[in-house]
Amino acid sequence: SYSIYPLRAIFHVKNQTVRVPPCFRNPSDALKAFPERSESHLIFVGLQKIKEDVPSKNKKSQFVSISKNYRSVIRACMEELQQNAGKRHMTHIVSILLAIELIWNLCEVLFIDAAPAGSLLLHLLDWVRLHKSDVDARAREVLQSDSPAHHQSYWDVVISLVLQGRVDEARQVLSKQASLRAESSSVFKRMDVLLHTMPIFNPTGTQTLTEFDVKWRHWHEECDRCLQDNTFASNRHLETICKILVGDEDTILEQKELLSTWYHFLVTRLLFTHPTIKPPDLHYYAQSSMSMFLGLRASPEPLDIILLSAFEFDLHQVIKDCSIALNNWWFVAHLTDLLDHCKLLQSHNLHFGSNLREFLVLEYASGLFTHHSLWQLAVDYFDHCPEFGRVYLELQIERVPLDTERKAIKVLRICEDRQMSEQGSICKIMAKRALRNNRLGSALSWSIRAKDAAFATLISERFLQDYCNKGSFTDLDLLDNLGPAMLLSDRLTFLGKYREFHRLYGENRFSEAAKLLLSLMTAKIAPRSLWMTLLTDALPLLEQKEVKTQTTHMLIIMFSCELGYIESTKTELLRLALARNLAMAIVKEGTIET
């Protein structure tokens, strides 16, 4: 299933072209790129438990929280992999995970959270800041230096903070320069006022979007007036910042190295030209921003195309392109499942009857089944695929190598919980394997699970043979706790009861032991080969005072003795003991009658 997408993914992450390493093209090795799979499995199962009858709008906060949980799993995975970043392919995987989280985060903003105008730009700013974290490292480097204002990266840091809308932090860094230049302190103060008064929409406040727009336009006009008056002509860096504030696209584009990506350029462009952007208008700005940033010579990478499809609100194209580019089902399966629960995917049936969500979940679960320790997680994914989940599970469960009894028990429990027919064949396989290895207890246990009377009889015979040869039973815990299972076959019943006889005898409960032994003989379920052994077992019982054997029972024993092909010496001893015991019983009966 993993070979249907032959293309290799090429991502543009942090100014690097990153190709998908070979491990992402192998279904088993690709799973190693996600060390937090059990956590994402728990999130998936929890998502399936959200009640369907609750309107989607009322579940929005739950879905956003689940989306963030998934992203935290990706982040935790990246942190773990970064510890091994010295290995070349690990570095590539981290870059791909960065791209995955970038896409997921954008889908969360646009589709799951579905932020309206005003809030939308705030979410996009957070998105850019999260994925352009090198600004923070450079800012710390500048501020912690001996002379921040003279640091070679000083102005790059200031402009980078402005490009991300982090005006308060930009003001803090600018203050280092202003304190050193008394002669030009007025222009620094003017810039500080512009940055300080820049309106930022507050979704939880009382200000309406219209009121914010009016306020923002007044501020924008003030910035433009400063530019027209050449207020910052004496300082080219401040003049550049002012041009950015008025949304001059040529000036913003000149900061390509600081922006690094077209989508950062898009968000900065919106921040200073159209902060009240509405979701339906995003696609126009996204398309033009990508064209302006990349120019005519550069062609967009797969990541660029995926992000553009998201800005165009084409969910199916996002999922399709991610499937092709990533060649890994974890991302598309979990994202599509979440989007489907949000009722964001229109009915999109595939040619073989399954919908897109189920198809992707089935493919991911099938990949999990190839992993030696993750196959159990796949069961829950199959369980939540109503169309073909059970069929897939039945096919996959047959292929699970039953390496150990512990693993076989896990597989069996899965089958039993779902009333699957495979459980019988699993038990028979394990029973035969245990018998070949002369592990009689395990073999008997598996044959009982399989409800295989013929095999249980065979193993019971082996137990009895071992007893005759060694004079003792093995696997006493199993034999002492057979319970109703011993009724599976006559031979198993005899084995269980015969072991019970030995236990009673060992506890000096002779009367009960004698009655049980006689019941075994009268039931005629004892194999002929054991008759001599049974009669020999009876011999010491007949000499016990507690044993009040009835005359009829003694006659039965004598009759059995006559029928048996028994060695003459032991027969005479038995006859003597039986005759003496019979005489005592008759005397006792006669005494009672008189």
Side-chain angles (χ1 to χ4, degrees), residues 402 405-406 408-409 411-413 415-417 419 421-538 540-541 547 549 553 556-557 560 563-564:
L402 304 176
E405 289 209 0
R406 183 179 178 185
I409 289 171
V411 173
L412 184 64
R413 189 172 294 120
C415 294
E416 288 175 343
D417 291 346
Q419 298 179 335
S421 58
E422 286 79 4
Q423 60 195 58
S425 60
I426 292 169
C427 294
K428 289 179 181 179
I429 290 170
M430 296 305 295
K432 290 177 181 177
R433 183 183 298 172
L435 186 60
R436 281 197 303 270
N437 295 325
N438 203 33
R439 296 170 56 234
L440 297 182
S442 177
L444 180 59
S445 177
W446 282 112
S447 65
I448 291 171
R449 282 177 177 267
K451 295 182 172 59
D452 189 332
F455 206 66
T457 298
L458 175 65
I459 298 168
S460 300
E461 291 277 11
R462 287 284 301 272
F463 262 104
L464 294 170
Q465 288 173 16
D466 270 17
Y467 170 75
C468 292
N469 294 333
K470 300 175 182 176
S472 61
F473 284 110
T474 57
D475 300 286
L476 297 183
D477 284 345
L478 174 63
L479 297 181
D480 287 342
N481 295 282
L482 287 173
M486 72 172 66
L487 300 176
L488 182 60
S489 76
D490 286 347
R491 193 66 82 245
L492 182 57
T493 303
F494 174 77
L495 174 64
K497 289 297 182 181
Y498 191 45
R499 164 56 199 158
E500 185 180 346
F501 159 74
H502 279 274
R503 184 175 56 79
L504 292 171
Y505 188 89
E507 294 172 358
N508 296 328
R509 296 159 64 182
F510 301 120
S511 179
E512 294 174 64
K515 288 178 182 178
L516 179 55
L517 186 62
L518 286 169
S519 69
L520 288 176
M521 299 180 73
T522 55
K524 297 186 177 180
I525 59 174
R528 181 179 291 273
S529 59
L530 280 177
W531 282 6
M532 181 62 204
T533 304
L534 293 177
L535 291 171
T536 305
D537 288 337
L541 287 173
V547 179
T549 311
H553 289 159
I556 291 170
I557 294 177
S560 299
L563 289 176

dist L458:CG -> L444:CG (nearest 0.5 Å) comes out at 10.5 Å

Tightest non-hydrogen contact, residues A453 and S489, listed as O-CB, 3.9 Å

By side chain to side chain donor-acceptor pair (under 3.5 Å), R433 pairs with (sequence neighbours left out) none

Taken to the nearest 0.5 Å, the spacing of M486 CE from N481 CG works out to 9.5 Å

d(S460 OG, L492 CG) to nearest 0.5 Å is 4.0 Å

Residues 468-478 vs salt bridge (charged side-chain N to carboxylate O under 4.0 Å, His left out), sequence neighbours excluded, gives D466-K470

N438 meets the side chain to side chain donor-acceptor pair (under 3.5 Å) criterion, sequence neighbours left out, with R462

By side chain to side chain contact (heavy atoms under 4.5 Å, CB included), A434 pairs with (sequence neighbours left out) R439, S442, A443

When every non-hydrogen atom of R449 is compared with those of L412, the smallest separation belongs to NH1-CD2, 2.9 Å

Residue set satisfying salt bridge (charged side-chain N to carboxylate O under 4.0 Å, His left out) with K515, at least two apart, ordered chain then number -> none

CG of L440 to CD of Q465, rounded to nearest 0.5 Å, is 9.5 Å

Self-check item: Trace of the side-chain contact (heavy atoms from CB on, under 4.5 Å) decision for L482 with I448
Solution: CA-CA 9 Å; L482 287 173; I448 291 171; 3.7 Å; yes

Side chain to side chain donor-acceptor pair (under 3.5 Å) filter on E461, not counting sequence neighbours, yields R491

Ring pair (Phe, Tyr, Trp, His ring centres under 6.0 Å) pairs touching residues 434-469, sequence neighbours excluded, are Y467-F473, Y467-Y498, Y467-H502

NZ of K428 to CG of D452, rounded to nearest 0.5 Å, is 5.0 Å

Contacts of R413 meeting salt bridge (charged side-chain N to carboxylate O under 4.0 Å, His left out) (sequence neighbours excluded), chain-then-number -> none

CG (L488) and OG (S447) are apart, to the nearest 0.5 Å, by 7.0 Å

The side chain to side chain donor-acceptor pair (under 3.5 Å) partners of S445 (sequence neighbours excluded) come to none

